Amino acid sequence: MPTETIEIGDTIVCISGTGPAIVFVHGFTTTAEFWREQVGAFSFQYKVIRINLPGHGVSPRPSERHYTIPAFVSDLLKVFDDLEIKSAILVGLSMGGTIAQNFTLTHPERVRGLVLVGATPHGLGEDVNVNNVLKAIDDLGVVEASQNVIERSFGSTATRQLVDFAKQEVSQTPAFVAREAISSLNASDSRAYLRDITVPTLIVVGNEDIITPPRESVALAEGIPDSTLEVIQDAGHFPMLEAPRRFNEVLTAYLNTVEQRISAATSQGRSQHAV
């Protein structure tokens with residue numbers, strides 16, 4: 001499936017396929033390529049939009065801007081506006097899940113469904129303590145610090161080739177971006193507002209995830225009223241890469257459910273209008 005790559009503000013956006021929009025947002029120091037296994041699976045029925053957050057991957061990293069959760073939410077809104085996306089299924093990984101939660105809370109009319117992958121309602125898991133991350137950047141440099149996190153991020157069945165791919169991707173984020181992003185992520189807290197997320201929400205986590213342990217996904221599922229939790233076996237922090245077939249099956253079932261509900265609601269609205 002051909003992919004168009006465009007620049008919107010400080011965000012490089014990859015677009016594949018046509019149809020209703022699915023917007024994929026990656027996590028801390030990762031890139032749009034972490035969603036590579038979803039492009040072929042969904043771009044025949046959907047417009048698959050993968051963004052590289054500012055300062056991540058191939059996106060610009062101007063020094064005069066902020067790399068915080070609120071700033072990333074604004075970047076995401078600009079993508080929606082420039083691409084004329086009225087509403088979309090929004091999928092967020094890890095930090096991208098925090099961005100997606102905040103976007104849904106501040107722009108609920110733009111989100112018809114929410115998917116949170118390896119996400120939390122507050123910060124990251126204990127294994128990625130913000131002070132430890134900042135110290136590692138100081139002591140080792142941002143590349144080695146980020147790659148060390150990647151080494152702990154995958155489950156037991158991940159291939160060396162997959163881990164090496166991820167390590168190469170995260171090496172692109174500069175230190176000043178990583179510092180501000182991890183500090184902002186650590187400060188973000190949606191626990192008191194989860195009940196205000198009213199769109200159908202799918203929560204996905206790998207059973208071997210130590211970066212954002214499954215208990216964090218349980219907390220999300222308990223807090224978001226209309227939510228479903230799916231645990232992917234034999235996967236760590238990146239189930240969409242580690243177990244793509246199972247992940248795509250789970251996402252497909254969720255998308256079908258959302259579309260059926262929207263169709264039913266539309267039909268009911270037309271019937272009431274006719275009466």
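Remember, it's a predicted structure, so these values are computed and weren't measured experimentally. Sequential numbering from 1 along the given sequence is applied to the chain's residues.
Ile6 has its side chain within reach of Leu83: a pair of non-hydrogen atoms, C-beta onward, lies under 4.5 Å apart. Side-chain contact between Ile89 and Tyr254 is present, with heavy atoms from C-beta onward closer than 4.5 Å. Under the 4.5 Å side-chain criterion, counting only non-hydrogen atoms from C-beta, Lys135 is not in contact with Asn131.
The minimum heavy-atom distance between Glu242 and His237, with the atom names listed, is OE2-N, 3.5 Å.
For the atom pair CG of Asn248 and CE of Met240, the computed distance is 10.5 Å after rounding to the nearest 0.5 Å. The CG atom of Asn52 sits 12.5 Å away from atom CG of Asp10, with the distance rounded to the nearest 0.5 Å. Considering CD of Glu151 and CG of Asp164, their distance stands at 7.5 Å, rounded to 0.5 Å. With rounding to the nearest 0.5 Å, the separation of OG in Ser184 from NE2 in His66 is 10.0 Å. How far CD1 of Ile211 is from OG1 of Thr120: 12.0 Å, rounded to the nearest 0.5 Å.
Remark: side-chain polar atoms of Gln147 are paired, donor with acceptor, to backbone N or O of Lys167 under 3.5 angstrom. Using modelled atom types, no side-chain atom of His26 and backbone atom of Glu33 make a donor-acceptor pair closer than 3.5 Å.
Under the 30°/60° scheme for interplanar angles, the aromatic rings of Trp35 and Phe247 are found to be tilted. Classified by interplanar angle (parallel below 30°, tilted 30° to 60°, perpendicular above 60°), the ring pair Phe34/Phe165 is tilted.
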Under 3.5 Å, sequence neighbours excluded: what are the donor-acceptor pairs made by side chains of residues 169-178?
{"residue": "Glu169", "atom": "OE1", "partner": "Thr31", "partner atom": "OG1", "Å": "2.6"}
{"residue": "Ser171", "atom": "OG", "partner": "Gln168", "partner atom": "O", "Å": "2.6"}
{"residue": "Gln172", "atom": "NE2", "partner": "Glu169", "partner atom": "O", "Å": "3.1"}

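Of the charged side-chain nitrogens involved, none lies within less than 4.0 Å of a carboxylate oxygen, so that Lys78 and Glu84 do not count as a salt-bridged pair.
Residues forming a salt bridge (charged side-chain N to carboxylate O under 4.0 Å, His left out) with Asp234 (at least two apart in sequence, or on another chain): none.
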